[in-house]
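As structure tokens, the structure follows; a few thoughts come after it.
Not measured: the values here are computed from a predicted model. Computed over heavy atoms, backbone and side chain alike; hydrogens, waters and symmetry mates excluded.
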Amino acid sequence: TYAAYWRLAVAQIMLPQLNELLDESETQLSNIDALIKAGMIPLGDAYNSRSELQDRRQRLLGMQQSLVLAGVELKTLI
């Protein structure tokens, strides 16, 4: 129970920051798409950047899911 409490405490601190990063990554993906449509960036570079950003976004989503589950875990223990 003690570990679950601390995981929830960390989740409460980290979730807002994670959500901000996810929002920012969505904006960056939109910016890359806009640059592609405008022809202002080489396609290879754009797709590489997009791929890296999507990989990072997936890791952030996994972290977010783990932190959300921390609250559920504590509730089931109590």
Practice item. List in chain and number order the residues that pass side-chain contact (heavy atoms from CB on, under 4.5 Å) with D45, two or more places apart in sequence or in another chain; answer none if no residue qualifies. Key: I41, P42
Review point. Do L60 and L53 belong to the same hydrophobic cluster, where Ile, Leu, Val, Met, Phe, Trp and Tyr are linked whenever their side-chain heavy atoms lie under 4.5 Å apart, directly or via other members?
Key: no
Point to revise | Which residues share a side chain to side chain donor-acceptor pair (under 3.5 Å) with N48, sequence neighbours left out | key: none
Review point. Under the side-chain contact (heavy atoms from CB on, under 4.5 Å) test, which residues partner L43, sequence neighbours left out?
Key: I36, Y47
**Study point:** Hydrophobic cluster identity match, L15 and Y5, side-chain contacts under 4.5 Å
**Key:** no
Review point. By side-chain contact (heavy atoms from CB on, under 4.5 Å), which residues pair with E24, not counting sequence neighbours?
Key: Q28
Exercise for review: Could you pull out the closest heavy-atom pair between I32 and A46, with the gap in Å?
Suggested key: CG2-O, 3.8 Å
Review point. Under a single-linkage definition using a 4.5 Å side-chain heavy-atom cutoff for Ile, Leu, Val, Met, Phe, Trp and Tyr, are W6 and L18 assigned to the same hydrophobic cluster?
Key: no
**Study point:** Residue pairs fulfilling side chain to side chain donor-acceptor pair (under 3.5 Å) with at least one residue in residues 51-62, sequence neighbours excluded
**Key:** S25-R57, E26-R57
Check your understanding: Can you tell me how far the CD atom of Q17 sits from the CG atom of L22, to the nearest 0.5 Å?
Key -> 12.0 Å
Distance-only donor-acceptor hits, side chain of residues 65-78, under 3.5 Å, sequence neighbours excluded:
unit_1, atom_1, unit_2, atom_2, d
S66, OG, G62, O, 3.2
E73, OE1, R7, NE, 3.2
E73, OE1, R7, NH2, 3.1
E73, OE2, R7, NH2, 2.6
T76, OG1, V72, O, 3.4
T76, OG1, E73, O, 2.7

